[in-house]
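Being a predicted model, the structure only gives us computed values, none of them experimental. The sequence lines fix the lettering, A, B, ..., with proteins before strands; numbering per chain opens at 1.
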Amino acid sequence: MEPIVTRFAPSPTGHLHIGGARTALFCWLLARHTGGSFLLRIEDTDRQRSTKEFEDSILEAMAWLGLKSDQEPVHQSDRVDAHNAAIDRLLQEGKAYWCECTPDQVEAMRERARAVGAKPKYDGTCRERGLGPGEGRVVRFKTPPAGDTAFHDMVKGRVSWPNQELDDMILRRSDGSPTYNLAVVVDDHDMGVTHVIRGDDHVANTPRQILLYQALGWDIPKFGHVPMILGPDKKKLSKRHGALAVIEYRQMGYLPEAMINCLARLGWSHGDQEIFSSDELIEAFDPHGFGSSAAVFDMAKLDWLNSHYIKESTPKRLAELLKPYFQRDVQTGVKDAELFLGTGSRAQLAARVETVTLDYLERIIPLYQPRSKTLAEMAEAARFFVLGWEALEYDPKAVKKFLTEDTRPRLKEIAALLRGLKNFDEKALEETVKGYMEEHELSFKQIAQPIRVAITGKTASPGLFETMAVLRKNETVKRLLRAADLEQA
RNA sequence: GUCCCCAUCGUCUAGGGGUCCAGGACGCCGGCCUCUCACGCCGGUAACGCCGGUUCAAAUCCGGCUGGGGACGCCA
């Protein structure tokens with residue numbers, strides 16, 4: 001069997017969104033699974049709306065997801081000569097014709113058809129007139145007037161279309177440029193594409209393209225139309241549904257492997273398996289796993305997958321990915337910044353994060369791997385590790401509740417004890433604090449929260465001793481002492 | 001309006017005539033663990049859109065209905 005060739009063909013008129021990313025993933029997986037190749041074609045023939053920025057953005061998003069194409073991307077705009085050659089041949093063979101109807105006239109035809117409850121389409125006025133080239137004329141395809149065009153779809157099974165529904169589509173515009181359906185067929189043929197996987201919104205184009213393949217005498221590729229991805233309201237996913245561009249998910253702190261895993265399970269399944277590594281996907285990927293109904297994109301599931309992969313990842317990698325979030329945090333600001341009692345400020349965080357080493361971040365991360373859904377969330381929760389003791393922010397409610405007249409003196413005593421420790425590790429810390437409790441007949445619960453508020457400024461944090469160990473002795477003691485002297489608001 | 005496609009828990013889905021009073025996962029609820037928050041573990045909640053057929057037997061096959069989506073460009 002010939003090797004499979006798939007292709008992803010985005011138009012650079014916007015960022016790569018969820019639906020496009022999933023299509024690309026499926027194409028890539030089919031190629032990888034079968035040992036074939038995965039190609040990329042930039043459909044930039046709409047010069048009004050296509051931009052280099054969007055093209056770069058799409059490429060960047062695909063690189064982030066690890067969907068590399070096996071050859072340099074093809075630009076459709078570079079291929080007009082090939083498109084024109086095909087149109088000319090169709091013209092010569094009498095399979096296409098010149099038409100001088102104006103857009104207004106065609107619109108009137110459509111209106112007339114609509115009025116009698118028929119499909120709005122071009123009525124074939126110029127079809128048999130034998131017109132030649134001329135100013136303002138377009139080239140149209142002679143669609144067979146009767147019969148059906150059917151094909152076997154990899155996800156839908158048999159799909160059949162009445163030719164009557166298809167009007168004589170324009171192949172060449174009046175400005176001489178080739179149109180989409182023609183260009184796609186010529187490009188896919190020339191690129192040797194054997195399997196076309198694309199969104200459901202392209203099904204209606206398929207019979208037209210098949211007719212073109214037949215007219216040109218070319219082999220017809222296999223088609224697979226994957227169902228649309230819907231928003232929570234079950235409507236086509238759109239800007240209204242929040243962040244859609246794949247690169248935005250990266251900014252929000254999602255890991256590419258989580259995104260890939262999530263995308264793969266939208267419209268495709270493999271028994272009961274939910275977690276797939278890239279290699280597992282390649283291994284298991286089989287078009288038989290395609291589902292046929294539209295799917296709603298569920299952020300909650302992405303969160304779950306992401307927290308899973310955060311747990312699986314290494315602190316070293318996470319440290320590098322995390323650092324920018326502190327800096328971004330600095331730029332966008334934290335919503336409650338003013339509510340904190342401390343003198344901590346964005347500027348101070350900015351200054352601190354520059355001095356923080358990757359090594360320090362690497363020690364913080366294990367404490368947050370079990371408790372973070374995204375990197376952004378992780379950075380937010382770990383703020384207090386980065387801010388120095390003198391800039392630490394305190395939650396006023398926590399201070400009021402736990403740093404009381406009773407507890408503050410104890411923090412001082414504990415600070416003194418900890419200062420004497422020579423091994424500032426979890427075990428020693430626990431022994432010391434527990435020893436203090438026994439001596440003063442206190443329960444751990446009575447003293448844990450005051451300590452926590454003192455060293456983190458908050459009521460929720462990772463374990464006390466692991467937190468102190470990461471903070472190290474000097475920083476821990478300073479925080480304890482500062483909290484002990486805090487003025488009540 | 002015309003044509004095409006789709007229809008199992010709130011969501012993603014398994015299921016391709018009997019093994020399904022429908023399984024898994026996310027979410028949600030409850031419990032356990034526990035220094036807080038999480039993690040983890042245990043348990044629970046919840047679905048075959050409707051109506052007809054075919055069959056000894058239907059979530060699974062057929063038809064209709066309803067509902068949803070998509071396409072009807074000199075955009076891609």
Residue [X], side-chain atoms from C-beta onward, closest of [options]:
X        : options             : result
A:Met228 : B:G70, B:A25, B:U36 : B:G70
A:Tyr180 : B:G73, B:U13, B:A76 : B:A76
A:Asp46  : B:A76, B:G23, B:A25 : B:A76
A:Asp272 : B:A38, B:C74, B:A14 : B:A14
A:Asp298 : B:U36, B:G24, B:C26 : B:C26

Syn/anti state for B:C39 [syn: chi within 90° of 0] = syn

Side-chain N or O of [X] less than 4.0 angstrom from OP1 or OP2 on [N]?
X        : N     : value
A:Lys301 : B:G27 : no
A:Thr45  : B:A76 : yes
A:Arg110 : B:G73 : yes
A:Ser269 : B:A14 : yes

ask   = Can you find a donor-acceptor pair, distance only, under 3.5 Å between A:Thr179 side chain and B:C74 base?
value = no

request  = Would you kindly check whether a donor in the side chain of A:Arg371 faces an acceptor in the base of B:C37, or vice versa, at under 3.5 angstrom?
outcome  = yes

remark   = 5'-most contact on RNA chain B (nearest-nucleotide basis), A:Pro10 vs A:Phe444, goes to A:Phe444

remark   = The residue, A:Arg265 or A:Arg452, whose nearest nucleotide of RNA chain B is more 5′ is A:Arg265

task = Check the side chains of A:Asp46 and A:Tyr180 for a donor-acceptor pair under 3.5 angstrom, ignoring hydrogens and angles.
result = no

inquiry  = For A:Val184 and A:Arg198: C-alpha separation, side-chain torsions, deciding distance, then whether side-chain contact (heavy atoms from CB on, under 4.5 Å) applies.
reply    = CA-CA 12 Å; A:Val184 166; A:Arg198 56 187 10 169; 4.2 Å; yes

Ring geometry between A:His308 and A:Trp304 (parallel below 30°, tilted from 30 to 60°, perpendicular above 60°) = tilted

key: Partner nucleotide, any strand, of B:G43 [Watson-Crick/G-U, under 3.5 Å]   = B:C29

request  = May I ask you to say what A:His202 touches in the nucleic acid, namely base, sugar-phosphate or nothing, with a heavy-atom cut-off under 4.0 Å?
outcome  = base

request  = Check each of A:Asp187, A:Asn84, A:Thr45 against A:Arg79 using the side chain to side chain donor-acceptor pair (under 3.5 Å) test, and report the only one that passes.
outcome  = A:Asp187

key: Protein proximity profile, nucleotides 3-9 of chain B - base contact B, sugar-phosphate-only contact S, no contact -, cut-off 4.0 Å on heavy atoms   = SSSSS--

